[in-house]
Amino acid sequence: MSTLTAPTATRGLGALAASEARLFLRDVGGSFFALAFPSVLLVGVGLAIPGMRDPITDAPPPWAGMLPIHLYLPVVLAAVIATPALTTLPVVLATYREQGILRRLSTTPMRPQGVLVAQVAVNLAALVVAAVLALTVGALTFDAPLPDQPLVALLAFVLGAAAMFGVGLLIAARAPKASSASGLGMLVFFPMLLFAGMWTPGPAMPETLATIGAYTPLGAASQAMTTAWFHGDFPALEAVVMLAYVVVLYPLATKLFRWS
């Protein structure tokens, strides 16, 4: 891998990101899954599972009086983060590697960092759209509340996204084929959702599972957003955990990235 100066490394980044955005939108199945899956999940859970719209009566504050489906808002936002990070980003980059596109790009002034940054930018844009859509659907369908601490919720969301994209980039850095990237992504995706509370949200999560989840990137994001939504505390531990993943995973993914 050649070593180039920083200005050279960013050459053509805007054009590359625009091209990646067009390709993302042309993949109807992938873009639908990244943009709409969390909202569909929220509506499905809220309408299909009995009791999700009945007020909670057997739990202490702040849970008493809430609807169970409201507890899923941070979990759904965690799914918003995990979906592009683990199912879209690694597969696209591995497909490029498998088809030799990355090898051809290596003959241009664009460094691996540029390809990674362009993909992250496109998927982050999709993530923002998916999050806004999920929150809008939650508010209109289930009268879902806004977070008690909006800025803390936003910080938790951003840190969680950054940490999970680090995981996706690490998979993308080494997966030789799209099939292997997809398999690895799915292998990580479902345990991450478990630790994020997909099946046991909020106070329903066992203490041991919650303790372990707090040290995973998606579990920390979900718990931090839950704190921001329903409590008055600052999720310091979870914020540190997510930041640690960012600091470690991005340089590691860049170091391990291969064109072919």
Side-chain angles (χ1 to χ4, degrees), residues 20-21 23-24 27-42 72 74-98 115-131 133-134 156-199 201 212-225 238 241-246 248-250 252-254 256-258:
E20 292 299 326
L23 292 172
F24 175 86
D27 181 4
V28 177
S31 58
F32 175 83
F33 189 65
L35 298 173
F37 168 71
S39 296
V40 172
L41 176 66
L42 180 64
Y72 270 90
V75 178
V76 167
L77 288 179
V80 165
I81 292 170
T83 302
L86 296 178
T87 67
T88 305
L89 175 65
V91 173
V92 170
L93 287 175
T95 299
Y96 287 177
R97 180 177 291 111
E98 184 177 5
V115 179
L116 302 185
V117 169
Q119 271 297 314
V120 168
V122 170
N123 283 278
L124 279 178
L127 182 150
V128 171
V129 172
L133 181 61
F157 184 78
V158 170
L159 285 177
M164 284 303 299
F165 272 87
V167 177
L169 287 172
L170 186 60
I171 294 173
R174 298 302 297 176
K177 298 181 179 180
S179 57
S180 58
S182 178
L184 286 171
M186 287 293 101
L187 189 65
V188 177
F189 183 72
F190 289 105
M192 286 289 181
L193 289 182
L194 170 66
F195 289 123
M198 180 59 68
W199 294 274
I212 297 172
Y215 291 94
T216 67
L218 198 64
S222 180
Q223 291 185 28
M225 286 188 286
E238 291 83 357
V241 168
M242 291 184 285
L243 186 59
Y245 277 104
V246 172
V248 172
L249 292 178
Y250 280 81
L252 185 60
T254 300
L256 296 178
F257 189 85
R258 293 294 181 268

Closest non-hydrogen atom pair between [X] and [Y], with its separation:
X      : Y      : result
Ala34  : Thr88  : CB-OG1, 4.2 Å
Ala78  : Met225 : N-CE, 3.9 Å
Gly160 : Ile81  : O-CG2, 3.7 Å
Met242 : Ala220 : CG-CB, 3.8 Å
Gly219 : Thr216 : N-OG1, 3.1 Å
Leu42  : Ala134 : CD2-O, 3.7 Å

Only distances under 3.5 Å count here; give the side-chain donor-acceptor pairs of residues 118-126 to other protein atoms, sequence neighbours excluded, each with its distance to 0.1 Å.
unit_1 : atom_1 : unit_2 : atom_2 : d
Gln119 : OE1    : Asn123 : ND2    : 3.2
Gln119 : NE2    : Glu20  : OE1    : 2.5
Asn123 : ND2    : Gln119 : O      : 2.8

Open item on the list: Please enumerate all residues that pass ring pair (Phe, Tyr, Trp, His ring centres under 6.0 Å) together with Phe24, with sequence neighbours excluded.
Closed with: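 Applying ring pair (Phe, Tyr, Trp, His ring centres under 6.0 Å) to Phe24 gives none.
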
Listed pairs under 3.5 Å, donor-acceptor, residues 162-182 side chains, sequence neighbours left out:
unit_1 : atom_1 : unit_2 : atom_2 : d
Arg174 : NH1    : Leu256 : O      : 3.2
Ser180 : OG     : Lys177 : N      : 3.2
Ser180 : OG     : Lys177 : O      : 2.8

Indicate every side-chain donor-acceptor pair of residues 187-199 with a distance under 3.5 Å to a residue at least two apart or in another chain.
none

Open item on the list: Quick check for you: to the nearest 0.5 Å, what is the distance between Ser222 atom OG and Tyr72 atom OH?
Closed with: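 Result: 10.5 Å between the selected atoms.
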
Task: Thr95 (side chain) donor-acceptor with Val91 (main chain) under 3.5 angstrom - done: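 It does hold such a pair.
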
Open item on the list: Looking at Val80, is its backbone amide N or carbonyl O close enough to the side chain of Thr83 to form a donor-acceptor pair, meaning the two atoms are under 3.5 Å apart?
Closed with: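 Side chain of Thr83 to backbone of Val80: no pair is present.
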
Task: Identified side chain to side chain contact (heavy atoms under 4.5 Å, CB included) counterpart of Tyr245 within the set Val241, Val248, Leu243 - done: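 Single pass found, and it is Val241.
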
- [ ] Applying side chain to side chain contact (heavy atoms under 4.5 Å, CB included), run through Tyr215 and Glu238 and close with a yes or a no.
- [x] CA-CA 7 Å; Tyr215 291 94; Glu238 291 83 357; over 6 Å; no

